[in-house]
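First comes the structure, then the notes that go with it.
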Amino acid sequence: MVAALIVGALTAWYLGLRLGVIIAAVTAAALLVAMVVPGLSLTVYALVLGWSALLYFFGSKISKATGQKGFVGGTVGKVGVGASQAKSWVEKTLGLNKK
């Protein structure tokens with residue numbers, strides 16, 4: 001199941017948190033099915049390795065082409081904007097923004 005977490009984190013980094021969680025869940029389900037069905041584990045591990053390699057080498061190009069901001073540009077960026085707005089509000093309220 002560590003593979004599902006790694007694949008989900010890598011996907012979230014390049015393509016966004018929502019898609020990363022979905023891919024992690026699909027990977028975990030595929031790995032569970034592969035444990036039960038004989039002969040399927042090699043195929044599932046090959047797909048997981050292929051997806052991870054694709055994201056590692058072409059993740060930035062894919063995110064630019066699809067317009068996705070990824071985890072850093074999306075979630076962390078929104079937190080930074082919120083913190084900046086809060087700081088501006090505090091400075092305005094306390095009168096510290098005198099120029």
Side-chain angles (χ1 to χ4, degrees):
M1 293 303 125
V2 173
L5 293 175
I6 292 171
V7 170
L10 192 61
T11 304
W13 183 263
Y14 287 110
L15 301 178
L17 192 59
R18 179 182 299 168
L19 190 59
V21 170
I22 292 169
I23 294 294
V26 168
T27 303
L31 289 171
L32 286 173
V33 170
M35 284 195 293
V36 178
V37 177
L40 191 62
S41 61
L42 184 62
T43 305
V44 170
Y45 280 114
L47 288 172
V48 167
L49 184 64
W51 177 254
S52 299
L54 178 81
L55 280 177
Y56 182 75
F57 291 114
F58 301 110
S60 60
K61 293 178 183 179
I62 293 171
S63 65
K64 285 180 187 175
T66 59
Q68 296 289 332
K69 294 183 180 179
F71 182 69
V72 174
T75 307
V76 176
K78 289 176 186 175
V79 170
V81 168
S84 176
Q85 288 177 346
K87 179 182 172 233
S88 298
W89 179 80
V90 168
E91 288 177 347
K92 180 181 173 185
T93 304
L94 297 177
L96 301 174
N97 197 8
K98 296 178 183 176
K99 291 185 179 180

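Since the structure is predicted, the reported quantities are computational estimates derived from the model, not experimental observations.
Between atom CD1 of residue I22 and atom CG of residue L17 there is a gap of 10.0 Å, rounded to the nearest 0.5 Å.
Through direct or indirect side-chain contacts shorter than 4.5 Å among Ile, Leu, Val, Met, Phe, Trp and Tyr, I6 is connected to V2.
Residues V33 and V7 fall within the same hydrophobic cluster, defined by Ile, Leu, Val, Met, Phe, Trp and Tyr side chains chained together at heavy-atom separations under 4.5 Å. Transitive grouping of hydrophobic side chains (ILVMFWY, heavy atoms separated by less than 4.5 Å) brings F57 and L10 into a common cluster. Under a hydrophobic-cluster definition in which Ile, Leu, Val, Met, Phe, Trp and Tyr are linked whenever side-chain heavy atoms come within less than 4.5 Å, directly or via other members, V26 and W13 are assigned to different clusters.
Using a 4.5 Å heavy-atom threshold, the side chains of L32 and M1 count as touching.
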Can you give me every donor-acceptor pair (side chain of residues 42-56, partner residue at least two apart or in another chain, under 3.5 Å) with its distance?
residue, atom, partner, partner atom, Å
W51, NE1, T11, OG1, 3.0
S52, OG, V48, O, 3.0

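Between A34 and S41, the closest heavy-atom pair is CB-CA, 3.7 Å. Residue A4 comes nearest to A28 through the heavy atom pair CB-N, 3.7 Å, listed as atom of the first residue, atom of the second, then distance.
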